2 protein chains.
Amino acid sequence: MFQTFESSTSPDQGPPRLAALRAKMAEIGVQGFIVPRADAWQGEYVAPCDERLSWLTGFTGSAGYCVVLPDIAGVFVDGRYRVQVKAQVADVFTPVDWPETSLKSWLTDHGAGRIAYDPWLHSPNQIKSLKEAGVELVATENLVDAVWDDRPPRPAGEAFAHPVELAGESSSDKRARIAAALKDAGEDAAILTLPDSICWLLNIRGADIPRIPILQCFAIVSTDARVALFVEPEKVETLGPDQAIDVHPPEAFLDAVGALEGKVRLDPDSCPEAVLTALTAEVSYGLDPCVLPKARKNEAELRGARAAHARDALAMIEFLAWLDSEEPGSVTEIAAAEVLEGFRRATNALRDISFETISGAGEHGAVVHYRVTEETNRTLNSGELYLVDSGGQYIDGTTDITRTLALGTPPEDARAAFTRVLQGMIALSRIRFPRGVAGAHIDALARAQLWMAGLDYDHGTGHGVGSYLSVHEGPARISRVSTLPLEPGMILSNEPGYYREGAFGIRIENLIVVREAPALPGADDRSWLDFETLTYVPIDRRLIVPGMLSAGETAWINTYHAECARRVAGQLSDRAATWMAGACASL
Amino acid sequence: MFQTFESSTSPDQGPPRLAALRAKMAEIGVQGFIVPRADAWQGEYVAPCDERLSWLTGFTGSAGYCVVLPDIAGVFVDGRYRVQVKAQVADVFTPVDWPETSLKSWLTDHGAGRIAYDPWLHSPNQIKSLKEAGVELVATENLVDAVWDDRPPRPAGEAFAHPVELAGESSSDKRARIAAALKDAGEDAAILTLPDSICWLLNIRGADIPRIPILQCFAIVSTDARVALFVEPEKVETLGPDQAIDVHPPEAFLDAVGALEGKVRLDPDSCPEAVLTALTAEVSYGLDPCVLPKARKNEAELRGARAAHARDALAMIEFLAWLDSEEPGSVTEIAAAEVLEGFRRATNALRDISFETISGAGEHGAVVHYRVTEETNRTLNSGELYLVDSGGQYIDGTTDITRTLALGTPPEDARAAFTRVLQGMIALSRIRFPRGVAGAHIDALARAQLWMAGLDYDHGTGHGVGSYLSVHEGPARISRVSTLPLEPGMILSNEPGYYREGAFGIRIENLIVVREAPALPGADDRSWLDFETLTYVPIDRRLIVPGMLSAGETAWINTYHAECARRVAGQLSDRAATWMAGACASL
């Protein structure tokens, strides 16, 4: 099993650790210290040695930060984590509602002046906005690391080549492309600190952290298409030498940054502040030059994505058929997650799950980022909904799928809400749009049917997805704030939902990919885009109110289910094959 | 008649005027001079004395600019005006495709260095972006004015009070509100240069330019709720004195700006650069403080808007009934516009039309900003579409309505496109959305049905509308770029369209107003908004393909038409009453 279900928090350790940190603060003479959840790579998952926030406080959420002052230690968490933080931290810590309470106003309320931070863990834009809000900051060594005696070692996962047959473009071609882009921008080099950018550029993957096959490293790419790679040499030994890549130990990174000349691109949203500080050359602030090319998947990557989704669909369908064959009340959330991972492992191709499976029955479905643990585990009962959001990391692609299922006879208002969520999912699946349109412009298409009934959901409709990389990949999203135009090859999730606190949660998620739309007779002379659907797994017909669908929507779901059945024909167990016949019947 | 149909251009005057301008340039030693269409108030209409661009070049479009160099004079116009500019300017002028060709690259191509501009006619942000693009600029007196011998005098329209019964809030209450907002922002004063802001704040209207009842003036409002108004004293004499308003001649404005102390708000998108230059106090860049309060119409203004729309609907319905009673081929575009204005005048309440009526038959309907002249005038022929976009200025409200009509039997593909445009118009009319949603997020709802068929239109879906003020009023719009959240009281147009060049144009436009949505059973506990429709005039049933509409859309149009009929019952001529029975029949 990749997934574990312990609650990894140890609140009892909090008080002595906090005391040690405060002693260190006093020793070096700082009034406060910020402990963020992020590491130097600003990703979603961090290595055990970088779990500073949970080591200190016990809080294990994926976003938040602690600010330690001599007399109070605030744990700043957003709405998703208000309940969790209270259960996880000892009472020497004070949960703070964030962003409702700003860091600045909290510091003022507690009479704090200048506070210290580790410049490796914050981006220039984060520091800038704190300073603009009036927070006085001073950079320092990491004071948590200084008192963390049994800190785990840095991860030492070995890197491995990502074959060009799957990457679709050689690393040298990619490097030439990035070098040309830098030249066009009048720049001499770019600093890369996002591991998935560097893995994409060099056609490598790594094994440093769970869920995302990345190598923790830094790099500098120059207009001569050469790359200086800063990583522990033993982690890349098996890759063999590459004439265009110079490997240096991580300790050499800041000196190399300081030695750069000319105009250097640096991404102020993701680069550590420490790197900016080391730079003496002219700074050109801009998006990491790999981010957009990486998001536009090429034909080989799309072939891989289709294969990975076909494989993953078989596992999902076996799981859904199994679940329906079990007695109501006999399956727990953890058991369901374990069985699902088992079916994915049975493909013999699963490298990892792509995130912790969200397996939530009844009221747990309404917790958008629910993670089941031994403490929260409960059975899936008849008359409830069950929401399962999961995915697999395969060498040819990353998957992410959510299905919401009826257990026995679901409540009628849940069926109406489910149908509206489905209408939103179908609206995005069917839409065609001119080039230039961004996620911000189509997000409402997924919500309109919910809005008409006075319902909505408090998350974006879709996120980018990597190619055997991060399941949450920038820069494009389908959300109100994403104004970057969608471009062919971008893989996105399409996942509207509806959540009734204390009662049920609904989410339906397919992955879709932007493509040039097939020509239509009588169409304008414009460049049209639409979405190809990657995910083909039945959507629970028992939750659909057929009378609410338009003729076009009904045709879409019937065609979709027919295609689900066609794609897996002859590849299923008897149980699943029988189950599919019912699950894919026309409405 | 308010509207005239001459083509007011005189291309033959261009060469001598250009020669005189170049002589002046040589005299004061500048290499180039920019002649924009805008005046110091950055509005849509300008007074005859400010028609510098058309005086010099002959070009009468509402956007564009001329850059005069010693050897070439470029007239920069966007896609709407490419044909018109060629017909209107003499060959001493060179049309330039803008924004495809940037000013900077054009200047470089023609070896130009530093060019001069009149700082009263450009905002700080316009100047800033030109400078950032590398254009070298120097402020100077206006060189067109210097050589314009028979320049008309400045307008001398008398201001008049806008009754508080219509404004809904006294000027002193508005001033107290603005003063409080400035205090909250830590500011001591705000400079107001938008005439409709000042007219709103002081509850006055004016008669300086056509179509928009504004007073051309400037003002400074302070945290003591006092206003210094800079205007020719004779224009405001009849208003009588107000203890809180100090009237100064316009010449005193820059000195007063220079004498300001503390922190002063200035809107860098609308204020003349000359005003910023005169300011010695600390500048606080921000939106003109009147813009947002003015956009949120109060109950009295909404009552007025409903009354104005009811009155305007009677005129429109009489016009539509008249048009249908005429023989095909017997009516011209100009005649139709004249008859329509006649029906509006017959209300005895029309103060002005709110913009030049767009009266376009057949292929003219596809010209989004078509203005009929004696030269372009043509008859409305059977088998065509006719598009008429018009509005009235009434003391209680400003209207703006577009209807597209079938003349005889329209082409079948026009009916399908019309139905899709209508579906978009209905989608916005029916939508309900949570607070925080902006025009950028719902624009696509009006396009989705067109997009599905590969059709689109190249303009926003809606603009703000003033209260007996500008028919195009900021700051909110329904367009891809408008991220300002919609708020109750904002009046917007809802006008999707479709244009097939050389063939036909379709646009359907109602005005709608944002309101708190009526409660729905089972809805989320959120703040919901929706739109109240202000415009009730039949939509041509002959152009609707009923089979394309959903049940909800059909119900909407039938309810809408029933309401159109109910609202005018007993108030129409016999001809119009008979016509309404057919026009409002259920689909």
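The sequence lines fix the lettering, A, B, ..., with proteins before strands; numbering per chain opens at 1. Predicted, not measured: the structure shown is a model, and the values here were computed from it.
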Student: Whether A/E100 and A/R82 form a salt bridge (side-chain N of Lys/Arg under 4.0 Å from carboxylate O of Asp/Glu) is what I want to check.
Tutor: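 A/E100 and A/R82: salt-bridged.
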Student: Given a strict heavy-atom distance threshold of 4.5 Å, which part of B/I431 is in contact with chain A: side chain, backbone, both, or neither?
Tutor: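 Looking at B/I431, backbone and side chain both touch chain A.
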Student: Would you mind checking which part of B/R430 comes under 4.5 Å of any heavy atom in chain A, side chain (CB onward), backbone (N, CA, C, O), both or neither?
Tutor: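 Its backbone and side chain both get close to chain A.
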Student: Looking only at side chains, do B/N125 and B/D269 share a donor and an acceptor under 3.5 Å apart?
Tutor: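 Yes - a donor-acceptor pair under 3.5 Å links their side chains.
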Student: Are A/H459 and A/Y499 an aromatic pair, judged by ring center distance below 6.0 Å?
Tutor: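 Yes, ring centres under 6.0 Å apart.
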Student: Sort out for me which of B/V481, B/D458, B/T483, B/D530 touches chain A most, counting heavy-atom pairs under 4.5 Å.
Tutor: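 Counting heavy-atom pairs under 4.5 Å, the top option is B/D458.
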Student: Quick one: do the B/T461 and B/D443 side chains pair a donor with an acceptor below 3.5 Å?
Tutor: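 The criterion, which ignores hydrogens and geometry beyond distance, is satisfied for B/D443 and B/T461.
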Student: Could you tell me which portion of B/Y457 (side chain, backbone, both or neither) has an atom closer than 4.5 angstrom to a non-hydrogen atom of chain A?
Tutor: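 Just its backbone gets close to chain A.
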Student: Could you check A/R435, A/R526, A/R432 and say which one makes a salt bridge (charged side-chain N to carboxylate O under 4.0 Å, His left out) with A/E516?
Tutor: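 The salt bridge (charged side-chain N to carboxylate O under 4.0 Å, His left out) with A/E516 is passed solely by A/R435 among A/R435, A/R526, A/R432.
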Student: So, B/S105 and B/S102: side-chain donor and acceptor under 3.5 Å apart, yes or no?
Tutor: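 Yes.
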Student: Quick check on the interface: out of B/D413, B/L445, B/L450, B/I442, who has the most heavy-atom pairs with chain A under 4.5 Å?
Tutor: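 Result: the option with the highest number of such pairs is B/L445.
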Student: Quick check on the interface: out of A/A440, A/P434, A/A444, who has the most heavy-atom pairs with chain B under 4.5 Å?
Tutor: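 Among A/A440, A/P434, A/A444, the one with the most close pairs to chain B is A/P434.
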Student: Is B/D456 in contact with chain A via its backbone, its side chain, both, or neither, using a 4.5 Å heavy-atom distance?
Tutor: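 For B/D456, heavy atoms of backbone and side chain both lie under 4.5 Å from chain A.
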Student: Determine whether the side chains of B/E495 and B/T402 contain a donor N or O and an acceptor N or O closer than 3.5 Å.
Tutor: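 Result is no, nothing qualifies.
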Student: For B/A448, which atoms come within 4.5 Å of any heavy atom of chain A: side chain, backbone, both, or neither?
Tutor: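 Its backbone and side chain both get close to chain A.
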Student: Looking at A/S550, A/A417, A/A453, which has the largest count of heavy-atom pairs under 4.5 Å with chain B?
Tutor: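 Highest number of pairs under 4.5 Å: A/A453.
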